[in-house]
There are 2 protein chains.
Amino acid sequence: MTQTAEFVHVTYLAHSKPGTDWQKKANGIAIGLTVGTWTELPAARKEAMQKHLGHVVSAEVVGTDANGLEQALLTIAYPTVNFTPDIPALLTSVFGKLSMDGMIRLVNIELPTEFSSRFPGPKFGIDGLRKQLNAYDRPLLMSIFKSVIGYDTETLAEQFYQQALGGVDLVKDDEIFFDETYAPFEKRIAACRIAAERAQAETGKFTLYAANLTGPVTEIFEKARRAVDAGASALLLNVLTYGYDVLQRLAEDSRINVPIMAHPALAGALYPSAQYGISAHVVLGQLMRIAGADIVLYPSAYGSVALERNETLKIAQALTEARGDVKRAFPVPSAGIHPGLVPYLYQDLGNDQIINAGGGVHGHPGGAAAGGRAFGAAIAGVLSGKTLSETAETSQELETALALWGNPSEK
Amino acid sequence: MTQTAEFVHVTYLAHSKPGTDWQKKANGIAIGLTVGTWTELPAARKEAMQKHLGHVVSAEVVGTDANGLEQALLTIAYPTVNFTPDIPALLTSVFGKLSMDGMIRLVNIELPTEFSSRFPGPKFGIDGLRKQLNAYDRPLLMSIFKSVIGYDTETLAEQFYQQALGGVDLVKDDEIFFDETYAPFEKRIAACRIAAERAQAETGKFTLYAANLTGPVTEIFEKARRAVDAGASALLLNVLTYGYDVLQRLAEDSRINVPIMAHPALAGALYPSAQYGISAHVVLGQLMRIAGADIVLYPSAYGSVALERNETLKIAQALTEARGDVKRAFPVPSAGIHPGLVPYLYQDLGNDQIINAGGGVHGHPGGAAAGGRAFGAAIAGVLSGKTLSETAETSQELETALALWGNPSEK
């Protein structure tokens with residue numbers, strides 16, 4: 001460990017009555033969440049404690065809300081020597097008790113490179129996944145099982161095969177797939193692997209299967225290793241309900257040599273409020289990436305589960321911007337995506353994203369394979385600079401999809 | 001597994017524009033979060049899927065908010081066959097994707113006894129802890145290390161000794177204690193054990209030490225077992241940053257035969273909004289208890305980190321009400337507690353609580369031991385029906401505390 005003090009800079013949006021002494025409030029946080037007390041310490045003790053002491057970077061009023069409360073942005077610097085390099089330590093330290101202390105929201109975290117490089121980050125990242133799929137210079141395409149609860153292995157493998165025939169790069173489980181009575185984890189992984197190979201024989205393209213990794217945290221790592229042995233090509237994890245540290249330790253485990261896809265389940269309990277919680281780009285961007293997600297799903301600005309566009313761009317930025325030696329993770333704007341939305345998604349993020357659809361693949365009148373091909377055509381068309389209407393002239397599947405779901409970018 | 005369908009009933013508060021078809025919205029949730037689709041299923045398939053299908057219990061408009069949005073309470077019944085008995089499965093299923101779908105807040109969960117009895121619940125609970133401490137018919141008393149970051153084992157053990165001399169039942173670590181460079185976990189547990197025994201020789205009373213359990217989830221269970229071997233008498237866990245499942249598996253591990261104390265760190269990122277998130281009594285009451293917390297801290301209605309009184313009572317109720325064979329957990333209303341507040345706390349919860357103070361013990365002009373004794377006197381006085389002023393006539397420590405922090409119940 002270096003002797004140079006390194007700091008994590010955390011910014012909070014706080015609401016309080018007009019005339020609040022924000023500098024004092026910020027100073028109370030900086031001391032309270034680090035050394036506890038300062039002015040009462042004897043001088044000799046202060047010297048030893050200096051390197052553990054947080055400090056205020058800035059505290060400024062930025063506005064007044066509809067109820068007349070003053071809004072301030074407070075940025076506090078916390079010495080990284082106080083933390084272990086993991087998300088429980090980080091979040092507990094900078095927003096544990098503080099989250100309960102009035103109207104306060106965590107809106108940004110700036111991690112020094114030295115500190116974030118102590119996290120695993122994505123094992124594969126965008127470049128590694130492209131290499132695996134031999135898919136460069138285009139967005140990837142993913143589809144989701146239509147329904148998983150109550151279905152057996154054979155039915156799911158057939159569902160997988162139909163999706164893979166459509167040319168998708170990945171297929172993911174539903175995140176609510178917990179009861180494995182009818183379709184045990186390893187058995188279903190093996191069956192979908194065979195289905196992927198069957199489809200590959202026809203299409204020339206291999207499709208990854210992100211199986212939903214569940215179970216007790218005491219067994220989940222061994223289960224993930226068994227999944228790899230059974231032929232898993234990717235894993236899906238509900239990171240927020242299991243805890244970021246489960247993701248981090250999966251990412252650190254060299255035997256689990258498959259990409260990890262982070263599902264955002266429960267994120268909406270954290271990010272939507274204007275006064276409380278944690279910004280979406282922190283929850284689904286920064287923390288997911290350093291903890292080791294290769295692929296991160298989040299609500300797109302265009303579909304059924306909408307997030308404000310600027311927020312979605314900040315998530316994608318956090319996943320893909322340069323950050324020392326931490327690999328870049330694939331953003332996956334999700335929910336309610338159909339082929340008519342591809343131009344918007346492409347305009348926002350270009351090639352480095354995964355276009356992901358459930359109903360937009362399965363709801364295609366020609367079936368899931370046709371649904372996948374409609375997306376593939378839309379992506380190829382957008383990449384070649386054509387409009388969707390132009391592309392649909394040579395793709396019956398795309399024409400059908402646009403007729404069903406619309407083509408808003410050419411309205 | 002029984003064939004009788006059992007259901008978890010989950011209630012949501014939703015906001016939407018006036019005239020929303022709430023029955024339709026609720027039905028969409030009940031189907032969407034269970035079998036995915038229903039009307040399109042063939043009749044034969046419906047029969048097989050029936051037991052996995054959620055249904056609407058009620059959907060009623062309850063008001064209009066300040067912005068003219070209609071407020072509705074939606075209660076959905078989810079078949080327990082869809083879940084494994086753990087919190088990640090439960091939360092992902094009933095509020096995973098849904099949390100991101102508009103203005104929606106999870107406000108209650110009703111678990112059928114059959115389902116909740118598949119969770120460990122507290123290993124000791126209120127009765128077990130009372131037996132351990134030989135402390136019946138009174139609230140317990142706890143204090144918190146004044147400051148932990150940057151202090152070595154010897155200093156902390158001395159701090160522990162001073163607190164134990166004051167007659168407190170438990171001492172807890174700060175929840176932000178992650179860097180163990182100066183005070184390694186097992187070493188500090190052993191040192192505080194010796195300090196507890198030293199104090200016991202003087203006071204006749206043993207004081208438990210809840211050491212903050214941290215580290216990678218891949219190692220945390222083994223670390224907890226080592227803590228027990230080193231003489232740990234309790235463990236503190238940041239449940240929300242590590243994940244409820246870590247708590248559950250600690251509670252299920254028979255070798256970890258010490259009470260587990262749940263810290264609420266990060267809970268404020270989930271519960272305070274009126275439109276989003278999860279109610280405090282679910283996060284800190286129901287889920288903590290079934291997952292296995294023996295002791296649960298939460299913001300009191302009286303101190304520095306305030307929660308609305310009715311919410312605090314609902315947390316305590318969830319921790320202590322009859323629930324099949326699941327043991328009762330100790331509520332610990334916390335933050336900014338001083339002896340003058342004891343009458344309020346006692347009026348709210350009676351004996352079955354832990355009165356917990358940090359600054360209210362250490363800030364006592366006579367030191368931490370005197371601070372503990374002031375609390376002990378206050379509790380004994382209230383139990384015997386005396387006012388604090390009357391009690392202070394025979395307790396110099398209490399008199400000093402009341403003079404410093406006030407005696408609001410006799411104002």
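Below, each value reflects all heavy atoms present in this structure, side chains not excepted, and no hydrogens, waters or symmetry copies. Throughout, a chain's letter reflects where its sequence line sits, starting with A, and its residues are numbered from 1.
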Side chain, backbone, both or neither of [X] within contact of chain A (heavy atoms, under 4.5 Å):
| X | result |
| --- | --- |
| B:Asn238 | side chain |
| B:Leu41 | side chain |
| B:Ala48 | neither |

When heavy-atom pairs shorter than 4.5 Å are enumerated against chain B, which of [options] gives the highest number?
| options | value |
| --- | --- |
| A:Thr92, A:Val246, A:Ile176, A:Ile87 | A:Thr92 |
| A:Gly150, A:Ala265, A:Ala269 | A:Ala269 |
| A:Asp101, A:Leu91, A:Thr218, A:Ile104 | A:Thr218 |

Would you mind checking which part of [X] comes under 4.5 Å of any heavy atom in chain B, side chain (CB onward), backbone (N, CA, C, O), both or neither?
| X | result |
| --- | --- |
| A:Arg105 | neither |
| A:Tyr242 | both |
| A:Gln275 | neither |
| A:Leu270 | both |
| A:Leu297 | neither |
| A:Thr84 | both |
| A:Leu33 | backbone |
| A:Tyr271 | side chain |
| A:Tyr78 | neither |
| A:Ala89 | both |

**Request:** Could you tell me whether a side-chain N or O of B:Ser147 sits under 3.5 Å from a main-chain N or O of A:Val35, the two making a donor and an acceptor?
**Result:** yes
**Prompt:** Is it true that a side-chain atom of B:Asp245 and a backbone atom of A:Val217 form a donor plus acceptor pair closer than 3.5 Å?
**Reply:** yes
For each of [options], tally heavy-atom pairs with chain A at distances under 4.5 Å, and name the one with the top tally.
| options | value |
| --- | --- |
| B:Glu40, B:Gln248, B:Lys97 | B:Lys97 |
| B:Glu180, B:Arg45, B:Glu252 | B:Arg45 |
| B:Ser93, B:Gly36, B:Gly243 | B:Ser93 |
| B:Pro299, B:Pro216, B:Ser273, B:Gly102 | B:Pro216 |

**Message:** To check you understand the geometry: which heavy-atom pair defines the closest contact between B:Gly268 and A:Ser99, and what is its length?
**Reply:** N-OG, 3.0 Å
**Message:** Using ring centroids (six-membered ring only for Trp), state whether A:His52 and B:Tyr182 fall under 6.0 Å.
**Reply:** yes
**Asked** When rounded to the nearest 0.5 angstrom, what distance separates CD1 in B:Ile220 from CZ in A:Arg249?
**Response** 9.5 Å
**Request:** Might you work through the side-chain contact (heavy atoms from CB on, under 4.5 Å) test for B:Tyr151 and A:Met49, ending with a clear yes or no?
**Result:** CA-CA 9 Å; B:Tyr151 288 96; A:Met49 295 294 266; 3.4 Å; yes
Within the structure provided, determine whether [X] and [Y] are in side-chain contact (heavy-atom separation under 4.5 Å).
| X | Y | answer |
| --- | --- | --- |
| B:Ile149 | A:Asn82 | yes |
| B:Leu266 | A:Phe95 | yes |
| A:Leu90 | B:Phe178 | no |
| B:Lys146 | A:Thr37 | yes |

